[in-house]
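In this text, all values refer to a predicted model and were calculated from it rather than measured experimentally. Every chain is numbered from 1, with letters handed out A, B, ... down the list of sequences.
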Amino acid sequence: MESYNPQKIEPKWQRYWEKEDSNKAKDFSKKPKKYILIEFPYPSGDGLHVGHVRSYAALDAVCRKKRMEGFNVLFPIGFDAFGLPAENYALKTGVHPQTAIDKNIATFKRQLKSLGLSFDWSREINTADPKYYKWTQWIFLKLFEKGLAYQAEIPINWCPSCKIGLANEEVIAGSCERCGAKTEEKRLKQWMIKITKYADRLIEDLGEVDYPERVKAQQINWIGKSYGTEVDFKIDNSDKKITVFTTRVDTLFSGTYLILAPENPLVKTITTKEQKESVERYIREAAKKNELERVDTEKERTGAFTGTYAINPATNEKIPIWIADFVLAHYGTGAVFADAHDQRDFEMAKKYNIPLKISLRPKNEELWEKVKNLEVCYSDEGILVNSGQFDGLTSQEAIKKITQWLENKETGRPAIQYKLRDWVFSRQHYWGEPIPIIHCEKCGVVPVPEKDLPLKLPYIEKYQPTSTGESPLANISSWVNVKCPKCKSRAKRETDTMPNWAGSNWYFMRYCDPKNNKALADVKKLKYWMPVDWYNGGMEHTTLHLLYSRFIYKFLFDIKVAPESEPYKRRTSHGIVLADDGRKMSKSFGNVINPDGIIKKYGADTLRIYEMFIGPFDQQVAWSIQGVNGAARFLNKVWQVCFECSKNKKSSPQILRAVHSLNKKIDGDLEIMKFNTIISSFMQFINLAQENKKDVGRETIEKTLILLSLLAPHFAEEVWEKLGHKKSIFFENWPKYDQNIIKKEEVTLIIQINGRVRDKIEVNSDISEREAKALTLSREKVKKYILQKEIKKVVFVPGKLINIVVEEH
RNA sequence: GCUCGGGUGGCGGAACGGUUUACGCACAACACUUAAAAUGUUGCGGCCUUAGGGCCUUGUGGGUUCGAAUCCCACCCCGAGCACCA
């Protein structure tokens with residue numbers, strides 16, 4: 001008998017599957033559809049990561065099973081090819097991003113194919129292909145048309161040394177990722193997308209999808225909806241008012257000052273002559289700090305007095321208006337009322353000797369003494385004091401009643417705030433989709449007409465950013481200078497490009513109809529395939545890609561392009577694969593595992609089995625080369641058993657029961673992604689078969705191979721063929737297990753005395769309680785424990801256990 | 001600080017109200033071999049015991065239960081995400 005030689009058989013079957021188009025999904029097939037999606041890779045120069053292998057192999061197993069169960073499965077693959085690394089690489093080496101990406105994609109394709117994954121390669125997409133990004137640009141035009149894309153001057157991370165705007169993910173601990181210089185805030189006009197308009201729907205519709213709790217919680221947290229009250233404070237000696245947002249209106253009576261964000265436009269108009277200098281100095285200081293420094297909660301509270309006062313609508317007292325950098329301009333109204341029941345306000349008032357008042361009383365008397373004397377800040381809920389008619393109410397009651405009271409006086413109202421901010425959609429980079437907008441001297445902002453799409457990214461030689469912070473595209477005057485599509489007068493193109501997320505927002509729709517020239521995808525095909533039935537990906541995309549793409553899909557639903565409002569029925573996520581030292585795999589640590597090496601030495605099937613066995617799928621796992629040996633040994637054992645037993649006629653009841661149990665285990669565990677227990681059950685089965693080779697018949701071997709084909713497809717095909725089959729094993733139907741065969745006649749009954757295991761007996765599985773009790777009490781071991789003691793109770797769990805409860809002395 | 005996960009042998013982990021430590025790795029002994037590798041067999045939580053066996057053990061402390069790794073309460077530790085969000 002030949003020994004198992006993956007290096008020989010794997011390429012053979014990969015060629016076979018490619019030739020036979022084995023994994024092609026058929027549009028409008030009468031079979032029920034399953035759309036199973038993995039996050040498409042960014043084709044980095046490092047090649048495929050063993051982490052990709054784990055999640056792709058897992059979902060590949062799911063797809064293979066669904067096909068054998070009679071589903072028309074769509075399991076597509078593509079490449080998210082725009083992005084910064086290719087541009088940085090170009091800056092360093094002069095190699096054009098297009099060239100680098102093409103090369104990387106070729107490597108990825110070779111690697112993915114060498115794993116034998118059952119992708120439908122005929123639907124391959126590439127987000128940097130003009131035929132693809134034509135539709136990414138089209139979506140932008142639609143957003144613009146509906147008023148959801150707009151320009152605003154907002155602060156961005158600016159590297160004064162590279163003279164370039166940086167995305168948040170390019171700023172590491174307040175410094176530029178490339179040169180290490182401290183970043184500053186710079187205000188630039190940016191394209192923004194109004195995702196906030198969809199905030200409520202993004203929360204509510206989570207109710208109708210099947211996502212892990214932690215994913216839902218993270219998205220809800222990120223959107224950060226909070227219910228509160230808006231309160232108007234009249235400015236003293238003026239008609240103007242300052243509106244603040246609070247979730248704790250119960251503390252309004254202790255509001256002894258107001259604080260504005262330094263960037264709040266009101267600051268300029270209300271600051272008095274006397275205070276102008278110190279206020280302006282404070283604003284300058286605040287602007288110099290980057291986000292990281294401002295957020296440092298350990299630092300001392302600072303602020304500046306504007307010289308102006310406001311009237312607290314609850315007490316009618318005159319209270320000073322301050323500015324402080326811990327008040328955020330972009331949240332709420334950029335203004336808060338400050339009181340003794342907020343840690344930050346409390347600290348700041350202490351520092352500047354601003355008067356404080358108490359309006360909440362804690363239950364704890366000892367604490368109350370300290371709170372009363374302003375020794376500590378009490379910020380929990382309590383009972384109202386010094387609050388006029390509201391005294392004695394709990395915080396919860398007071399929030400309702402005070403809001404109502406303010407509403408009647410027309411100085412307040414219930415309000416809702418979100419943490420979610422609009423999405424900054426501009427990047428000052430080359431390697432992205434150009435934003436299809438023209439700035440006309442006469443007409444202003446004019447969209448590129450749809451017929452002119454795709455607006456192709458021009459091929460350039462130099463990627464150096466401009467000194468003004470514009471993208472390198474601004475340097476190509478022949479591309480920038482155009483005629484206005486409306487009035488034909490002089491105009492300039494927008495030179496910002498889109499962020500990396502633009503292409504991945506809708507790629508799953510393109511898979512449904514990847515070659516369509518007339519639409520991003522044919523409506524009928526979308527209706528057939530969408531929504532994605534099962535989408536697996538990383539937790540790191542929860543608040544970026546996953547949220548963005550849900551939003552864009554909702555928008556496309558609203559303009560009648562998408563057939564429903566949620567793109568993904570079910571989301572699951574994998575844990576990351578760490579290096580054997582427990583750290584992230586990274587070139588700089590020198591601990592990266594290249595799947596090519598493992599495939600060469602052990603074969604793709606071994607690698608796949610190992611990676612799925614390594615630990616729970618949704619948790620992070622550390623790589624271990626010794627573990628790969630275990631997977632290789634397992635496949636070798638299966639190989640031996642298959643050939644040694646294939647001539648046996650019949651299987652023993654024990655083996656039959658075991659293989660049916662295994663079948664059941666796989667059916668159950670695959671659906672809940674417990675791949676590690678599937679493989680351990682498989683190992684147990686093979687160990688049993690190996691010990692009882694005479695009892696393993698051919699039909700059991702064949703069943704085993706079909707079960708194993710999900711995990712080790714090349715292996716299964718090869719043995720299947722060697723057993724004399726002419727057709728691919730993947731044409732077989734998924735086997736059904738028989739519960740009657742699984743049911744055991746004889747079981748081990750556990751005997752407990754007072755809950756402790758004292759004995760075990762082999763009994764018929766449907767033994768009655770009376771019989772079991774009699775049998776138990778006749779056992780020598782049991783007698784020892786119940787001698788001269790009173791039996792108080794007998795607990796009987798049929799087929800499992802009997803517990804004798806006796807009096808303890 | 002808030003939200004969500006976790007803490008079980010030397011290690012990865014299984015069990016998620018009913019035999020704790022399945023399966024794998026590592027380790028040890030033996031067999032096969034001139035030798036090594038590979039493979040196979042056996043052992044492998046701790047303490048006590050001549051044996052039979054006994055006792056302890058799922059981060060810590062309580063509770064519910066005939067019975068708790070599993071359910072409840074409090075605390076400690078680790079990981080992930082958010083974080084001056086009023």
Side-chain angles (χ1 to χ4, degrees), chain A residues 3 212-222 224-226 228-229 231 244-249 251 255 259 261 291 294-299 301 324-328 330-339 341-345 347-348 379 417-421 539-540 542-543 575-576 580 609-610 613-616 618-634 636-637 640 674 676-687 690-691 748-760 781 784 792-797 800-806:
Chain A
S3 61
E213 261 328 295
R214 57 183 176 150
V215 170
K216 287 190 183 182
Q218 253 183 58
Q219 290 205 345
I220 289 169
N221 213 1
W222 182 261
K225 185 175 187 174
S226 53
T229 311
V231 187
V244 305
F245 173 78
T246 180
T247 54
R248 293 294 303 276
V249 78
T251 62
I259 313 174
E291 193 102 18
R294 272 180 75 157
V295 155
D296 180 8
T297 48
E298 299 299 307
K299 67 160 190 212
R301 298 285 162 211
D325 65 3
F326 65 82
V327 176
L328 306 172
H330 57 73
Y331 184 78
T333 58
V336 298
F337 77 82
D339 63 80
H341 297 290
D342 180 283
Q343 188 69 37
R344 298 155 299 180
D345 303 347
E347 285 167 19
M348 179 164 163
S379 55
Q417 281 298 331
Y418 301 90
K419 286 190 203 172
L420 184 71
R421 290 198 245 168
M539 277 306 286
E540 71 275 19
T542 300
T543 53
I576 53 171
D580 52 6
I609 287 192
Y610 166 64
F613 181 57
I614 190 169
D618 58 351
Q619 275 165 46
Q620 61 171 36
V621 287
W623 183 264
S624 144
I625 192 66
Q626 272 124 357
V628 184
N629 278 326
R633 277 179 206 149
F634 164 67
N636 271 312
K637 275 191 211 174
Q640 302 280 334
K674 292 181 72 172
N676 54 335
T677 54
I678 287 177
I679 291 169
S680 78
S681 301
F682 229 120
M683 287 170 168
Q684 285 179 60
F685 172 71
I686 288 302
N687 290 344
Q690 198 183 29
E691 284 162 28
T748 308
L749 191 77
I750 305 301
I751 299 174
Q752 296 183 336
I753 313 289
N754 286 350
R756 307 185 70 117
V757 180
R758 295 300 179 187
D759 203 1
K760 297 166 196 178
K781 281 183 185 168
K784 198 169 96 188
K792 289 173 71 183
K793 193 174 178 181
V794 176
V795 180
F796 179 66
V797 183
K800 234 175 189 175
L801 139 156
I802 184 163
N803 186 14
I804 313 285
V805 185
V806 296

task: Determine, stepwise, if the pair A:Val628 / A:Trp623 fulfils side chain to side chain contact (heavy atoms under 4.5 Å, CB included).
output: CA-CA 9 Å; A:Val628 184; A:Trp623 183 264; 3.9 Å; yes
Indicate, with a heavy-atom threshold strictly under 4.0 Å, whether [X] touches base, sugar-phosphate, or nothing.
{"X": "A:Lys674", "result": "sugar-phosphate"}
{"X": "A:Val757", "result": "sugar-phosphate"}
{"X": "A:Val805", "result": "sugar-phosphate"}
{"X": "A:Thr748", "result": "nothing"}
{"X": "A:Lys637", "result": "sugar-phosphate"}
{"X": "A:Glu691", "result": "nothing"}
{"X": "A:Leu801", "result": "base"}
{"X": "A:Asp345", "result": "nothing"}
{"X": "A:Pro616", "result": "sugar-phosphate"}

Calculate the interatomic distance between [X] atom [atom1] and [N] atom [atom2]; express it in whole Å.
{"X": "A:Ile753", "N": "B:C55", "atom1": "CD1", "atom2": "C1'", "value": "17 Å"}
{"X": "A:Ile220", "N": "B:C4", "atom1": "CD1", "atom2": "P", "value": "11 Å"}
{"X": "A:Asn687", "N": "B:U41", "atom1": "CG", "atom2": "P", "value": "9 Å"}
{"X": "A:Phe634", "N": "B:G24", "atom1": "CZ", "atom2": "C1'", "value": "11 Å"}
{"X": "A:Asp325", "N": "B:A86", "atom1": "CG", "atom2": "C1'", "value": "15 Å"}
{"X": "A:Gln218", "N": "B:C82", "atom1": "CD", "atom2": "C1'", "value": "8 Å"}
{"X": "A:Asp618", "N": "B:G79", "atom1": "CG", "atom2": "P", "value": "18 Å"}
{"X": "A:Met683", "N": "B:G12", "atom1": "CE", "atom2": "P", "value": "17 Å"}

Partner nucleotide, any strand, of [N] [Watson-Crick/G-U, under 3.5 Å]:
{"N": "B:C75", "value": "B:G59"}
{"N": "B:G18", "value": "B:C66"}
{"N": "B:U3", "value": "B:A80"}
{"N": "B:C25", "value": "B:G10"}

Mind checking the [atom1] distance from [N] to [M]? Whole angstroms is fine.
{"N": "B:U57", "M": "B:G7", "atom1": "C1'", "answer": "15 Å"}
{"N": "B:G9", "M": "B:G45", "atom1": "C1'", "answer": "5 Å"}
{"N": "B:A22", "M": "B:A15", "atom1": "P", "answer": "13 Å"}
{"N": "B:G59", "M": "B:C76", "atom1": "C1'", "answer": "7 Å"}
{"N": "B:A74", "M": "B:G10", "atom1": "P", "answer": "31 Å"}
{"N": "B:U41", "M": "B:U49", "atom1": "C1'", "answer": "29 Å"}
{"N": "B:U20", "M": "B:A28", "atom1": "C1'", "answer": "24 Å"}

- prompt: If only atom types and distance count, is the side chain of A:Asn754 paired as donor or acceptor with the main-chain N or O of A:Val806 below 3.5 Å?
  reply: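 Looks like yes, one N/O pair under 3.5 Å.
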Can you figure out which of [options] approaches the side chain of [X] most closely?
{"X": "A:Ser680", "options": "B:G40, B:C23, B:A86", "value": "B:C23"}
{"X": "A:Asn803", "options": "B:G18, B:A22, B:A15", "value": "B:G18"}
{"X": "A:Lys781", "options": "B:U39, B:C4, B:G53", "value": "B:G53"}
{"X": "A:Lys800", "options": "B:C55, B:A86, B:G18", "value": "B:G18"}

Given [N], is OP1 or OP2 found less than 4.0 Å from the side-chain N or O atoms of [X]?
{"X": "A:Arg756", "N": "B:G54", "value": "no"}
{"X": "A:Lys760", "N": "B:U19", "value": "no"}
{"X": "A:Arg344", "N": "B:C85", "value": "yes"}
{"X": "A:Tyr331", "N": "B:A86", "value": "yes"}
{"X": "A:Gln620", "N": "B:G6", "value": "no"}

Side chains of A:His330 and A:Arg421, donor plus acceptor under 3.5 Å: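 A:Arg421 and A:His330 do have a side-chain donor-acceptor pair below 3.5 Å.
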message: Is it the case that the side chains of A:Lys637 and A:Asn687 hold a donor-acceptor pair, with the cut-off being a distance below 3.5 Å and no angle test?
response: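 Yes, side-chain donor-acceptor contact under 3.5 Å.
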- prompt: What are the residues of residues 622-632 of chain A, sorted by number, that bring a heavy atom to within less than 4.0 Å of RNA chain B?
  reply: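 Contacts with RNA chain B under 4.0 Å: A:Gln626, A:Gly630.
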So do the side chains of [X] and [Y] get within less than 4.5 Å of each other, counting heavy atoms only?
{"X": "A:Phe682", "Y": "A:Phe634", "value": "yes"}
{"X": "A:Ile750", "Y": "A:Lys800", "value": "no"}
{"X": "A:Ile625", "Y": "A:Asp580", "value": "no"}

task: Start with the C-alpha distance between A:Leu749 and A:Phe796, add both sets of side-chain angles, then the distance that settles side chain to side chain contact (heavy atoms under 4.5 Å, CB included), and finish with yes or no.
output: CA-CA 10 Å; A:Leu749 191 77; A:Phe796 179 66; 4.3 Å; yes
- request: With syn defined as a glycosidic angle within 90° of 0 and anti as everything else, classify B:G9.
  value: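 Syn for B:G9; the angle stays within 90° of 0.
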message: Both A:Asn636 and A:Asn221 contact RNA chain B. Which one's nearest nucleotide lies toward the 5' end?
response: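 Looking at the nearest nucleotide for each, A:Asn636 comes out on the 5' side.
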